[in-house]
Amino acid sequence: MECPDCGGSQISREVGPGWSPSTRLVDVFVDLEEGDGITLHRQCWTCGWHEDREIAVTEIEAEHGDPETVAHQQRLTELVDELEAIEDTETLKAIHRDVRHRQSTDIAATDAGDGE
C-alpha cells in the first residue's frame with residue numbers, strides 16, 4: 001500500500017482497541033460478533049500521514065460449515081428479528097410462557113421415555 005500523501009510505502013496498520021498490534025485484520029474479522037466494532041489505524045512513517053477507520057459489523061452470514069448448525073443459526077436469527085418487531089409486552093410474555101411450557105413438556109416426555 002502506498003501513502004496517499006507522499007506515495008511512500010512505509011505504512012503500518014494496527015487494529016484496535018483490544019487487539020495486539022501484530023494481529024492480522026482477517027483474524028480480527030473472523031473473531032468479531034454482530035454488533036462489534038474495531039478501529040483500523042494506518043500511519044505513514046515517511047511523512048506522518050495517518051487515518052483511523054471505524055468498522056462496525058452489522059450482519060454476519062454463515063454459508064459454510066455444518067449444514068445443521070448453519071440452518072439452526074439462520075432460524076434463530078429469523079426468530080430474534082420477529083421478536084424484536086413485536087412492540088406489545090404482553091404478547092412477548094405470552095410467547096415466553098408458551099416456549100417455557102413447551103420446553104417443560106418436551107423434558108417430561110423425554111424423561112418418561114427413558115424408563116420404558
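Everything quoted here is computed from the prediction, not taken from an experiment.
Listed by first and then second residue, the side chain to side chain donor-acceptor pair (under 3.5 Å) pairs that reach into residues 8-17 are Ser12-Trp45, sequence neighbours excluded. Sorted by first and then second residue, the pairs that involve residues 37-56 and meet salt bridge (Lys or Arg N to Asp or Glu O under 4.0 Å), not counting sequence neighbours, are Arg42-Glu51, Glu51-Arg53. Residue pairs meeting the salt bridge (Lys or Arg N to Asp or Glu O under 4.0 Å) criterion with at least one member in residues 91-107, sequence neighbours excluded: Glu90-Lys93, Asp98-Arg102.
Partners of Glu2 by side-chain contact (heavy atoms from CB on, under 4.5 Å), not counting sequence neighbours: none found. Scored by the side-chain contact (heavy atoms from CB on, under 4.5 Å) test, Ile95 finds Leu83, Ile86, Thr91, Val99 as partners (sequence neighbours excluded). Shown here are the side-chain contact (heavy atoms from CB on, under 4.5 Å) partners of Glu82, two or more places apart in sequence or in another chain: there are none.
Taken from NE2 in His50 to CD1 in Ile11, the straight-line distance is 12.0 Å, to the nearest 0.5 Å. Atom CG in Asp36 sits 12.5 Å away from atom CD1 in Ile55 (nearest 0.5 Å). The distance from the CG atom of Leu79 to the CZ atom of Arg75 is 9.0 Å, given to the nearest 0.5 Å.
The number of heavy-atom neighbours closer than 6.0 Å to CD of Glu87, taken from other residues, nucleotides and ligands shown, is 12 or below.
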